[in-house]
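Working notes for the structure below.
The chains referred to below are lettered A, B, ... by the order of the sequence lines, with proteins before strands, and numbering in each begins at 1.
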Amino acid sequence: MTELNELLLQRRSKLTQIREKGINPYPYRFEATHRSSEITGNFDTLSESKEAVRIAGRLMSIRGHGKTSFAHMQDAAGRIQIYLRKDTLGEEPFALYKLLDMGDLIGVEGTVFRTRTGEITVEVRDFEVLCKSLRPLPIEKERVEDGEKVTFDEVSGKELRYRQRYVDLILHPEVRRTFERRTKIVSAIRRFLDERNFMEVETPILQPLYGGASARPFVTHHNALDIDLYLRISDELYLKRLIVGGYERVYEFCKDFRNEGMDRSHNPEFTLLELYQAYADYGDMMRITEEMVSIVAEEVVGSQTVDYQGTEIDFTPPWKRVTMLGAIEKYAGVTLEGVSEEAMRKTCAGLEIEVDGTMGSGKMIDEIFKKYVEPHLIQPTFVMDYPVETAPLAKRHRKDSALTERFEAFVNGSEIANAFSELNDPIDQRERFEAQTQLRAMGDEEAQALDEDFLRALEYGMPPTGGLGIGIDRLVMLLTDAPSIRDVLFFPQMRPE
RNA sequence: GGGCCCGUAGCUCAGCCGGUAGAGCAGCGGCCUUUUAAGCCGUUGGUCGAAGGUUCGAUUCCUUCCGGGCUCACCA
């Protein structure tokens with residue numbers, strides 16, 4: 001497996017030859033004067049002044065012509081062609097150049113000109129090896145046909161692209177742009193919240209109890225304390241403790257870990273933005289959600305309307321608001337308000353939804369919703385007022401105590417946000433936890449654990465609070481037109497090779 | 001976990017109804033001082049994902065396993 005094939009041996013042999021010339025193939029630094037885009041952008045001045053430019057980058061193509069050669073270098077800003085001549089370079093440097101391969105990192109110095117075919121090019125008068133590459137880069141070629149860029153032999157295998165993201169990034173500028181956009185989205189959100197006096201905080205990733213969501217956790221062990229700890233599935237209970245402590249607006253970009261299946265929209269570790277605002281309710285959270293997402297889209301994409309996999313999605317506020325039961329009535333054609341659990345079982349049977357004995361009415365409503373409503377929620381939609389048993393941390397609805405003031409925002413049939421008027425009645429909270437404990441005793445591994453310290457905090461008094469979670473990965477998918485969560489994570493989880 | 005599809009050279013792929021493998025690019029050698037999928041001539045390179053089975057003979061057929069993709073289920 002570690003045996004070197006011919007190509008790797010050839011590169012190592014070239015490495016030796018470079019060393020034999022007394023040249024260090026892994027030197028320490030290089031001072032560039034320009035990035036590739038700055039050369040193409042300032043062509044007129046640079047070509048007139050004949051001023052020397054220095055650029056560093058990776059060799060991405062080489063076309064030798066005997067005593068001359070053309071090549072392309074790639075840096076973070078783009079690509080630029082370089083031109084080398086034996087007569088201007090000299091015998092020895094030209095011989096060194098012959099030992100270079102695609103993928104090598106070099107630094108060049110030269111002057112800027114335009115070739116016969118019109119391409120802006122650096123005529124190299126001196127160059128240095130900055131790093132010899134010992135592994136052949138997959139070769140992709142492209143040509144412009146009728147103004148369209150046609151790529152040949154494109155590395156299309158997802159596996160190589162996910163496992164060796166570095167290769168994917170070297171080869172595909174559009175992949176680099178996706179991740180640059182991800183960073184811009186996060187920055188824009190941070191700016192949005194900071195401007196509104198939210199404070200960014202950090203809370204524990206290793207938690208003695210996992211809470212704030214319904215999911216199975218990853219378990220780890222702390223040796224010194226000799227206790228099991230959980231990688232957080234949410235930071236909700238910690239951020240609320242901070243609200244109790246007197247901070248009125250906090251947020252965290254929270255890396256969460258859930259020990260569940262993986263698919264196009266699920267990775268075991270993912271990023272959730274959670275924010276909490278004192279003296280606010282879920283209505284305020286709806287407004288902040290639609291405002292934030294539309295502003296971010298405008299800043300990052302340049303429009304509040306984006307194309308996602310062929311579907312036009314319009315984030316312009318206000319978003320549609322429907323109640324959960326209202327949406328079910330509309331799309332499933334059944335009325336569930338005030339319906340007994342028994343009657344609901346019959347309804348489910350009629351709707352071809354499998355029901356087992358452990359499912360309460362909340363769970364059944366959820367199932368009907370998933371099957372009949374979610375697929376219709378393409379344009380941004382707030383679904384409000386979930387049954388109390390599905391939201392143990394949300395405050396009861398001010399008009400109907402069987403419901404909670406909870407909403408989820410759906411876009412393109414998938415959830416991107418979840419928010420409540422937070423439950424701050426410590427007695428009700430304890431009862432809800434106890435109901436969860438019963439579910440757990442019945443075998444529901446995802447039921448939430450009773451957190452005494454959190455209850456203690458609530459007993460000191462938490463102001464009325466609105467809380468919001470936004471799935472950052474899914475938002476990035478929407479704003480980068482990415483079909484899979486793996487396309488917006490640098491290093492998605494894979495089975496070990 | 002179920003279904004469908006895929007795994008052949010560094011990369012992209014071909015290989016029919018079984019007879020132990022081909023192309024382009026890359027590499028290597030040669031020619032070439034404005035090319036751009038550079039070109040021309042020559043050439044190296046493969047445990048055909050792994051293990052079993054059927055067969056005189058398996059890249060090809062069958063089984064299992066490994067890895068991947070899509071999809072359904074599960075899952076906030």
Can you check whether A:P483's main-chain N or O pairs, donor with acceptor, with A:R264's side chain at less than 3.5 Å? yes
B:rG29 and B:rG67: how far apart are their P atoms, nearest whole angstrom? 40 Å
Spacing of the P atoms in B:rC56 and B:rG49 (rounded, Å): 25 Å
Nearest-Å distance once atom P is located in both B:rG1 and B:rG52: 25 Å
For B:rA21, which nucleotide in any strand shown is its Watson-Crick or wobble partner with both distances under 3.5 Å? none
Contact class for A:K371 (heavy atom, under 4.0 Å): base, sugar-phosphate, or nothing? nothing
Send over the distance from A:M102 CE to B:rG10 P, rounded to a whole Å. 16 Å
Base-pairing mate for B:rG1 - Watson-Crick or G-U, with both contacts under 3.5 Å: B:rC72
Rounded to whole angstrom, note down the P distance from B:rU47 over to B:rC66. 23 Å
Nucleotide of B:rC13, B:rA26, B:rG69 approaching A:M494 most closely (side-chain heavy atoms): B:rG69
What's the CZ-C1' distance between A:R116 and B:rU34, to the nearest Å? 5 Å
From B:rG68, B:rC28, B:rU35, pick the nucleotide closest to the side chain of A:T115? B:rU35
Show the distances under 3.5 angstrom between N or O atoms of the protein and N or O atoms of nucleotides 37-39 of chain B.
| unit_1 | atom_1 | unit_2 | atom_2 | d |
| --- | --- | --- | --- | --- |
| B:rA37 | N7 | A:R143 | NH1 | 3.2 |
| B:rA38 | OP1 | A:K141 | NZ | 2.2 |
| B:rA38 | N7 | A:G64 | O | 3.4 |
| B:rA38 | N6 | A:G64 | O | 2.7 |

Taking only the P atom of each, what is the distance from B:rC32 to B:rG24 in whole angstrom? 24 Å
For B:rC31, which nucleotide in any strand shown is its Watson-Crick or wobble partner with both distances under 3.5 Å? B:rG39
Determine yes or no for a side-chain-to-main-chain donor-acceptor pair under 3.5 angstrom, with A:D104 supplying the side chain and A:L100 the backbone. no
Partner nucleotide, any strand, of B:rA9 [Watson-Crick/G-U, under 3.5 Å]: none
So which nucleotide from B:rA73, B:rG10, B:rC70 ends up closest to the side chain of A:D263? B:rA73
If I compare all heavy atoms of A:T203 with all of A:E252, which pair ends up nearest, and what's the gap? OG1-OE1, 2.6 Å
State whether A:Y238 and A:R241 meet the cation-pi test: NZ (Lys) or CZ (Arg) under 6.0 Å from the six-membered ring centroid, and within 45° of the perpendicular axis. yes
Please tell me which of the listed nucleotides, B:rU34, B:rU33, B:rG68, lies nearest to the side chain of A:T68? B:rU33
For side chain to side chain contact (heavy atoms under 4.5 Å, CB included), just list the numbers for A:I353 and A:Y372, CA-CA rounded to whole Å, side-chain angles, deciding distance to a tenth of an Å, and then say yes or no. CA-CA 10 Å; A:I353 284 172; A:Y372 286 91; 4.0 Å; yes
Rounded to the nearest Å, what distance is computed from the CZ atom of residue A:R495 to the C1' atom of nucleotide B:rG1? 11 Å
Among the nucleotides B:rU34, B:rC32, B:rC28, which one has an atom lying closest to any side-chain atom of A:K67? B:rC32
Assigned partner base of B:rU63, Watson-Crick or wobble definition, under 3.5 Å: B:rA51
On a whole-Å scale, what distance lies between the C1' atoms belonging to B:rG57 and B:rC61? 13 Å
What integer number of Å spans the C1' atoms of B:rU59 and B:rA51? 16 Å
So, is the end of the A:R232 side chain (NZ or CZ) under 6.0 Å from the ring centre of A:F257 and within 45° of the ring's axis? no
Taking A:E140 for the side chain and A:V155 for the main chain, is one N or O donor matched with an acceptor at less than 3.5 Å? yes
Base B:rU12 paired with A:E154 side chain (donor-acceptor, <3.5 Å): no
Do A:Q81 and B:rU35 have a side chain to base donor-acceptor pair shorter than 3.5 Å? yes
Between B:rC74, B:rU35, B:rG68, which nucleotide has the shortest distance from any of its atoms to the side chain of A:R163? B:rG68
5'-most by nearest nucleotide on RNA chain B - A:D366 or A:L137: A:L137
Donor-acceptor under 3.5 Å (A:T381 side chain, A:Q379 main chain): yes
Just by distance, do the side chain of A:R474 and the backbone of A:I416 share a donor-acceptor pair under 3.5 Å? no
Considering every strand and a 4.0 Å limit on heavy-atom distances, what is the contact class for A:E159: base, sugar-phosphate, or nothing? sugar-phosphate
At a heavy-atom distance below 4.0 Å, what parts of residues 208-219 of chain A sit against RNA chain B? A:S214, A:A215
Return the orientation label for the A:Y97 and A:F127 ring planes: parallel under 30°, perpendicular over 60°, tilted otherwise. perpendicular
Side-chain N,O (A:K370) to OP1/OP2 (B:rC74) below 4.0 Å: no
Indicate, with a heavy-atom threshold strictly under 4.0 Å, whether A:R264 touches base, sugar-phosphate, or nothing. sugar-phosphate
C1' atoms of B:rC6 and B:rG42, separation to the nearest Å: 36 Å
For A:E140 and A:D87, take the nucleotide of RNA chain B holding the closest heavy atom to each; which residue's nucleotide lies nearer the 5' end? A:E140
Show your reasoning for whether side chain to side chain donor-acceptor pair (under 3.5 Å) applies to A:H266 and A:Q493. CA-CA 10 Å; A:H266 298 261; A:Q493 195 56 243; over 6 Å; no
Hey, which of A:D428, A:N424, A:D281 is the one that makes side-chain hydrogen bond (donor to acceptor under 3.5 Å, both in side chains) with A:K395? A:N424
